[in-house]
Amino acid sequence: MTAPRNITNLALIGFMGTGKTTIGRLLALHLEYDFLDTDHCIESAAGKSIPEIFNQAGEAQFRDLEKKLVCELSKRQRTVIATGGGLPCHGDNLELIRQHAYVVCLWASPETIYERVRHNTHRPLLQHPDPLGRIRELLALREPYYRQADLLVSSEGRPSREVVQHILHEFLNRKSQGG
Ligand code: S3P
């Protein structure tokens with residue numbers, strides 16, 4: 001049985017480079033909500049960058065830190081939460097977030113994601129000889145999780161303000177129906 005939902009937050013999920021942080025900050029401004037980025041929270045709590053955590057402790061340790069943070073997120077109210085790309089695809093993270101947040105997935109094609117992230121060095125999972133192939137592979141594995149969002153929104157070829165307006169419309173509609 002799925003747990004009952006009490007929607008007090010808005011969570012953004014989706015692959016790296018789909019615009020979760022940019023869109024999330026804009027949404028928080030419009031809604032007058034707090035903004036929280038799970039990667040930033042993990043970095044400040046650990047006193048290390050994400051690549052340092054991956055290099056020194058490994059991905060499994062990083063996923064444990066994500067899991068711990070997810071358990072704390074249920075205490076949040078009126079917060080837009082931008083999640084790391086892999087967070088909703090591990091354990092029961094997505095189920096836990098759905099209990100208190102309306103979940104929006106930002107979507108883009110592998111080619112667009114590649115163009116957006118190709119010059120970044122802070123994403124350990126894409127430090128790979130074939131980053132586009134890796135993006136395709138990970139996206140295919142993660143798609144079933146991303147598709148469980150309440151709303152799936154393409155962030156491709158559209159100005160951020162249009163994406164934000166679309167999400168606000170759906171979110172406020174949902175809230176007016178009683179969460
Ligand atoms: C990851 C995405 C990153 C960060 C880490 C792992 C992933 O976050 O959490 O590098 O597994 O997709 P962004 O989606 O914000 O880049």
Side-chain angles (χ1 to χ4, degrees), residues 10-30 33-70 73 79-91 93-94 97 101 103-149 151-164 166-167:
L10 194 163
L12 291 174
I13 65 171
F15 205 79
M16 298 172 250
T18 50
K20 291 164 292 182
T21 304
T22 308
I23 301 290
R25 282 189 193 285
L26 291 169
L27 284 166
L29 267 179
H30 278 272
Y33 277 21
D34 292 329
F35 175 73
L36 181 154
D37 182 303
T38 60
D39 286 341
H40 288 165
C41 289
I42 289 171
E43 289 183 320
S44 1
K48 291 176 189 169
S49 67
I50 304 275
E52 282 169 344
I53 300 172
F54 269 74
N55 285 337
Q56 295 167 14
E59 182 177 349
Q61 182 79 32
F62 174 73
R63 298 300 170 198
D64 281 350
L65 296 173
E66 279 190 325
K67 167 88 208 159
K68 267 190 205 124
L69 177 60
V70 165
L73 290 178
T79 303
V80 174
I81 303 163
T83 62
L87 183 144
C89 316
H90 288 88
N93 289 348
L94 182 54
I97 287 178
V103 180
V104 177
C105 177
L106 293 181
W107 193 261
S109 68
E111 292 74 17
T112 298
I113 290 171
Y114 176 62
E115 281 310 314
R116 289 181 185 166
V117 303
R118 57 189 291 196
H119 299 301
N120 299 165
T121 52
H122 64 274
R123 291 184 167 103
L125 293 180
L126 300 181
Q127 304 313 304
H128 190 271
D130 174 18
L132 179 57
R134 182 77 176 129
I135 291 169
R136 288 203 177 103
E137 189 179 74
L138 275 175
L139 201 51
L141 286 171
R142 291 175 175 184
E143 189 173 336
Y145 297 92
Y146 293 154
R147 285 201 177 277
Q148 291 173 43
L151 179 69
L152 210 64
V153 178
S154 170
S155 67
E156 198 164 312
R158 304 167 79 186
S160 299
R161 70 163 192 289
E162 196 182 300
V163 176
V164 167
H166 180 170
I167 296 171

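Note that these values count all heavy atoms, side chains included, but never hydrogens, waters or copies made by symmetry.
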(message) Using modelled atom types and a 3.5 Å cut-off, is there a donor and acceptor pairing between side-chain atoms of K20 and backbone atoms of G14?
(response) yes
(request) Report yes if some heavy atom in the side chain of H128 is under 4.5 Å from a heavy atom in the side chain of E137; otherwise report no. (result) no
(request) For residues N120 and M16, determine if any side-chain heavy atom of one lies less than 4.5 Å from a side-chain heavy atom of the other. (result) no
(message) Once rounded to the nearest 0.5 Å, what's the spacing between atom CG of D37 and atom CZ of R25?
(response) 7.0 Å
(request) Keeping the roles fixed (side chain from E115, backbone from E111), state whether a donor-acceptor pair exists under 3.5 Å. (result) no
(message) With a 4.5 Å cut-off on side-chain heavy atoms, are R118 and P131 touching?
(response) no
(message) So L12 and L27, do their side chains get closer than 4.5 Å, heavy atoms only?
(response) yes
(request) Could you pull out the closest heavy-atom pair between I50 and E43, with the gap in Å? (result) N-OE2, 2.9 Å
(message) I need the E156 CD to S109 OG distance, nearest 0.5 Å.
(response) 3.5 Å
(message) Using every non-hydrogen atom in the two residues, find where L139 and A108 come nearest and quote the distance to one decimal.
(response) CD2-O, 4.1 Å
(message) Within the structure provided, determine whether I167 and L10 are in side-chain contact (heavy-atom separation under 4.5 Å).
(response) yes
(message) Any non-hydrogen side-chain atom of C89 less than 4.5 Å from a side-chain atom of Y146?
(response) yes
(message) I'd like to know if the side chain of E52 reaches the main chain of S49, judged simply by a donor and an acceptor atom lying under 3.5 Å from each other, with no hydrogens or angles considered.
(response) yes
(message) To the nearest 0.5 Å, what is the distance between CZ on F15 and CD1 on I135?
(response) 5.5 Å
(message) For I13 versus A149, what's the shortest heavy-atom pair and its separation?
(response) CD1-CB, 4.2 Å
(request) Check whether more than 12 heavy atoms from other residues, nucleotides or ligands sit under 6.0 Å from atom CZ of R158, and answer yes or no. (result) yes
(message) So, taking the atom named SG in C105 and the one named CZ in R142, what distance separates them when rounded to the nearest 0.5 Å?
(response) 11.0 Å
(request) Apply side-chain contact (heavy atoms from CB on, under 4.5 Å) to R63 and N93, showing your working. (result) CA-CA 10 Å; R63 298 300 170 198; N93 289 348; over 6 Å; no
(message) Once rounded to the nearest 0.5 Å, what's the spacing between atom NE2 of H122 and atom CD of Q127?
(response) 9.5 Å
(message) Under the criterion side-chain contact (heavy atoms from CB on, under 4.5 Å), I'd like the reasoning laid out for L151 against H166: C-alpha separation, chi angles, the key distance, then a yes or no.
(response) CA-CA 10 Å; L151 179 69; H166 180 170; 4.2 Å; yes
(request) With the side chain counted from C-beta on, respond yes when W107 and E143 share a heavy-atom pair under 4.5 Å apart, and no when they do not. (result) yes
(request) Check the side chains of E66 and T38 for a donor-acceptor pair under 3.5 angstrom, ignoring hydrogens and angles. (result) no
(message) So, applying side-chain contact (heavy atoms from CB on, under 4.5 Å) with C41, which one of L73, L65, L69 is it?
(response) L69
(request) First locate atom CG of L36, then atom OG1 of T83, and finally report the distance between them rounded to the nearest 0.5 Å. (result) 10.5 Å
(request) Work out which heavy atom in P51 is nearest to a heavy atom in P124; give both atom names and the distance. (result) CA-CG, 4.1 Å
(request) Scan for ring-ring contact (aromatic ring centres under 6.0 Å, His included) pairs involving residues 35-54, sequence neighbours excluded, and state none if there are none. (result) F54-F62
(message) For S155 versus T18, what's the shortest heavy-atom pair and its separation?
(response) OG-O, 2.9 Å
(request) I would like to know whether L26 and R161 meet side-chain contact (heavy atoms from CB on, under 4.5 Å); could you show each step before the answer? (result) CA-CA 8 Å; L26 291 169; R161 70 163 192 289; 6.0 Å; no
(message) When you compare the side chain of L87 with that of I97, does any pair of heavy atoms fall below 4.5 Å?
(response) yes
(message) To check you understand the geometry: which heavy-atom pair defines the closest contact between L94 and P88, and what is its length?
(response) CB-O, 3.5 Å
